[in-house]
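Written below as structure tokens is the structure these notes are about.
Because only heavy atoms are used, hydrogens play no part in the values below, and waters and symmetry mates are left out as well, while side chains stay in.
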Amino acid sequence: MKKFSLLAIILLVAISVKAQDVVKFAPLDASPVDISYFPNKSVKFKKTDTPSPVIKVTYARPSAKGRVVFGEVLKFGEMWRVGANENTEIKFYKAVTIDGKNIPAGTYSLFAIPEKDKWTIIINKELDMWGNYAYDESKDIARVSVPVKPVSTPIEALSIAFTSQGSVANLVIGWDKTTVEVPITIK
């Protein structure tokens, strides 16, 4: 009986060790996912007196790694998913207006067409895409042109943040030596 119990324990240990080998976790992604909210601290310090989020952007953050990003890594005039991996998504918890275009509350994809002096920012209804390979222009709900603002200190990893001016939330996208601001009016 003792031999049988010992054999059963050894067998259980062997099975549990083997079961642990079944799950292979992916290594840390080179472009980790991040989230930006407007207002900036609406989720992080959520209390009853803190405003609820109005906008949420989920994106992957590639790094420049010494490369010239705009014009070389990302060719001028070509569609970009505003990040890496899956396309960037922007969620509006309330209806907003961008450049006079009404956008209902909801979740959308965010794309851009970078140029040397301006970017075309695109809000699109299609979700859950890898990059912009399945992009469908017929699902655009807004396209706006915003000027490029060069920065003197390069931004290593793609970064998205918000600034505010009254009822306007400025979506600020920065990477390498470039930033753009997209004014979003909250209704």
Please report the shortest heavy-atom distance between [X] and [Y], naming the atom on each side.
| X | Y | answer |
| --- | --- | --- |
| Glu115 | Gly77 | OE2-CA, 3.2 Å |
| Trp175 | Ala64 | NE1-N, 3.5 Å |
| Lys101 | Val144 | NZ-CG1, 4.3 Å |
| Ala169 | Ile55 | CB-CD1, 4.1 Å |
| Pro62 | Ala60 | CD-O, 3.0 Å |
| Glu89 | Thr107 | OE1-CG2, 3.8 Å |

Hydrophobic clusters here meaning ILVMFWY residues chained together by side-chain heavy-atom distances under 4.5 Å, can you tell me if [X] and [Y] are in one?
| X | Y | value |
| --- | --- | --- |
| Val148 | Ile113 | no |
| Phe38 | Ile123 | yes |
| Val146 | Ile141 | yes |
| Ile98 | Val168 | no |

Close side-chain approach of [X] and [Y], heavy atoms under 4.5 Å:
| X | Y | value |
| --- | --- | --- |
| Val54 | Pro39 | yes |
| Phe111 | Asn87 | yes |
| Lys139 | Tyr108 | no |
| Thr178 | Val69 | no |
| Asp176 | Ile155 | no |
| Glu86 | Val33 | no |

- Not counting sequence neighbours, list each pair that qualifies as a salt bridge (Lys or Arg N to Asp or Glu O under 4.0 Å) and has a residue in residues 156-174.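 Non-adjacent pairs meeting salt bridge (Lys or Arg N to Asp or Glu O under 4.0 Å): zero.
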
Indicate yes or no for a side-chain donor-acceptor contact from [X] to the backbone of [Y] under 3.5 Å, with no hydrogens or angles considered.
| X | Y | answer |
| --- | --- | --- |
| Thr88 | Val82 | yes |
| Arg61 | Leu158 | yes |
| Ser109 | Glu126 | yes |
| Asn170 | Val172 | no |
| Ser31 | Asp29 | no |

Euclidean distance, [Y] [atom2] relative to [X] [atom1], rounded to 0.5 Å:
| X | Y | atom1 | atom2 | result |
| --- | --- | --- | --- | --- |
| Ile173 | Ile121 | CD1 | CD1 | 4.5 Å |
| Met79 | Leu74 | CE | CG | 12.5 Å |
| Ile103 | Ile90 | CD1 | CD1 | 8.0 Å |
| Thr97 | Phe92 | OG1 | CZ | 10.0 Å |
| Lys94 | Ile184 | NZ | CD1 | 14.0 Å |
| Tyr37 | Thr58 | OH | OG1 | 7.0 Å |

- Query: In terms of side-chain heavy atoms, does Asp136 have a donor or acceptor partner in Ser138 at a distance below 3.5 Å?
  - Reply: yes

- Compute whether any side-chain donor of one residue and acceptor of the other, for Asp140 and Tyr135, lie under 3.5 angstrom apart. yes

- Would you call the rings of Trp119 and Trp80 parallel, tilted or perpendicular, where under 30° means parallel and over 60° means perpendicular?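 Correct class here is perpendicular.
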
- Message: What I want to find out is whether Lys149 reaches Glu181 closely enough, with some N-O distance under 4.0 Å, to be called a salt bridge.
- Response: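 Salt bridge between Lys149 and Glu181, a charged N being under 4.0 Å from a carboxylate O: yes.
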
